[in-house]
Structure formats: structure tokens, C-alpha cells
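What follows is a short report on a single structure.
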Amino acid sequence: MDFEDLVTALEPPPNRVGKLDGAHEHHLYEGAVMVAYAMHLLRTQGARDVRIHPDGEHGKQFDFTCWLERRGFDKVSNVGSTAYGGVYRNPAGQTITVNPKSGLGDVVADVGDHVISAECKGGIINTRHPGQVSRLYRGLCETVGMLMATPSLGRQVAVVPLTDGTLRLAGRLAPRCALAGIEIALVGSRGEVLEVNAKNAAE
């Protein structure tokens, strides 16, 4: 993947100045993580139709419509009452449905004879601020916990931003998550997806 527009660069608040790599905080919002993982499923997992279920806050932080249109996905119908909810289709016939509805899994796709269901979290990917680093860790733990509390219909994946810290934590969690049938995927700043499993965590 090579998406240049997933990250939102913002001035840090006074209490976080000097605790990041660079002059601006690089926010990889949850909505950005969702679309990056949806594209991963379309491009590498054989999915044809992916469903994204953001909430209102995700829609305020991330412009789903503009981002998808830049990728060649035109909105062909509306879903729900928000401006961004709808079915988006590209010239190859792949669709991404953005349905602002909770309780359905953040990113869901039918692949072959099984379902892939992902829970996603976002975060600041270039921070050293203890509170924000802890928030990234909590995000990974929360996604795993949500999946454990949800009946499995197929493959379950916890998806969070890729940082040195989340990579280390994912490596520690992966063997136990595998026993529960949960996979971990980390999304980089340009949409690359690193799948962390018990085998490569051990290596």
C-alpha cells in the first residue's frame, strides 16, 4: 500500500510539545485505519465487498467520501442519514459500504466461505508522550477484548496503528490471541498492513 493521505498532522497541545518525532503530531484516526484495512482486504484477501461501520466521531475526524473518491470509488447510493454513509464502487466492481451503525464490527467482509470481522482503533503514531503511548497500548488490548466478547463467525482481527510499541505488544499478545482465534494486524502511516501471528512474533 502507498497512501499518502491517511495521516492528519496537527499542532501538539502545550503539554505534548517536545514529546514527538517532528514538529506535528501524526494522527492515524480510527476512520483511516478502517479504510486502510478495507483496502487491504480488497487488494490482498480476495474480498469484493467490504463493509465499514464508523460512528459519528469517526465521520468528523476522517473524510470517508473524499478519501474513497480519490481511490476511484464513486458513491452510487446512500446509506443512513449522514453525508458520507453510502455504497462506493470502483471501475473493477469492488464495493465499500460505509454504514454508520454500531454493533456490526468496524470492518467486515465475506471472503470465500468465511467472514473477516475486524475491530479497529486509531492513535498518534509519532508520539513519546506517556499518556498517548498508553492509549495506543490500550487500543490494542480493547480491540482484542471486544473480539473475545463477540461470537466468531469466521476470522477475527484486531487492527491498530503500527508503532514500535504496538509491534512489541502485538508480539507478546499474538500467541495467546491465536489460542482464542484472534489475529492482529498493524496499519502503517501509508496503509501498509503487517500481520502479526504467533510464528513471526516468536521470530
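These numbers were taken from a predicted model, which means no experiment stands behind them.
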Derivation of the side chain to side chain donor-acceptor pair (under 3.5 Å) call for Gln45 and Arg155: CA-CA 12 Å; Gln45 303 296 304; Arg155 290 173 55 192; 3.3 Å; yes

Step-by-step salt bridge (Lys or Arg N to Asp or Glu O under 4.0 Å) determination, Arg70 to Asp63: CA-CA 11 Å; Arg70 286 196 294 271; Asp63 192 335; over 6 Å; no

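Salt-bridge annotation for Asp5 and Arg71: present, with a side-chain N of the basic residue lying under 4.0 Å from a carboxylate O of the acidic one. Between Asp74 and Arg89 there is no salt bridge, since no side-chain nitrogen of the basic residue lies less than 4.0 Å from a carboxylate oxygen of the acidic one. One finds no salt bridge joining Asp55 and Lys60 here, because no Lys/Arg side-chain nitrogen approaches an Asp/Glu carboxylate oxygen to under 4.0 Å.
Here the side chain of His129 pairs a donor or acceptor atom with the backbone of Gly131 at under 3.5 angstrom. Not one N or O on the side chain of Lys121 forms a donor-acceptor pair closer than 3.5 Å with the backbone of Pro161.
Linking ILVMFWY residues whenever their side-chain heavy atoms come closer than 4.5 Å, directly or via other members, leaves Ile124 and Val133 in distinct clusters.
Contact check for Met39 versus Phe3: side-chain heavy atoms found under the 4.5 Å cut-off. No side-chain heavy atom of Leu162 sits less than 4.5 Å from a side-chain heavy atom of Val187.
Considering all non-hydrogen atoms of both residues, Asn126 and His26 come closest at OD1-N, 2.9 Å. Across all non-hydrogen atoms, the minimal contact from Ala9 to His24 is CB-CB, 4.0 Å.
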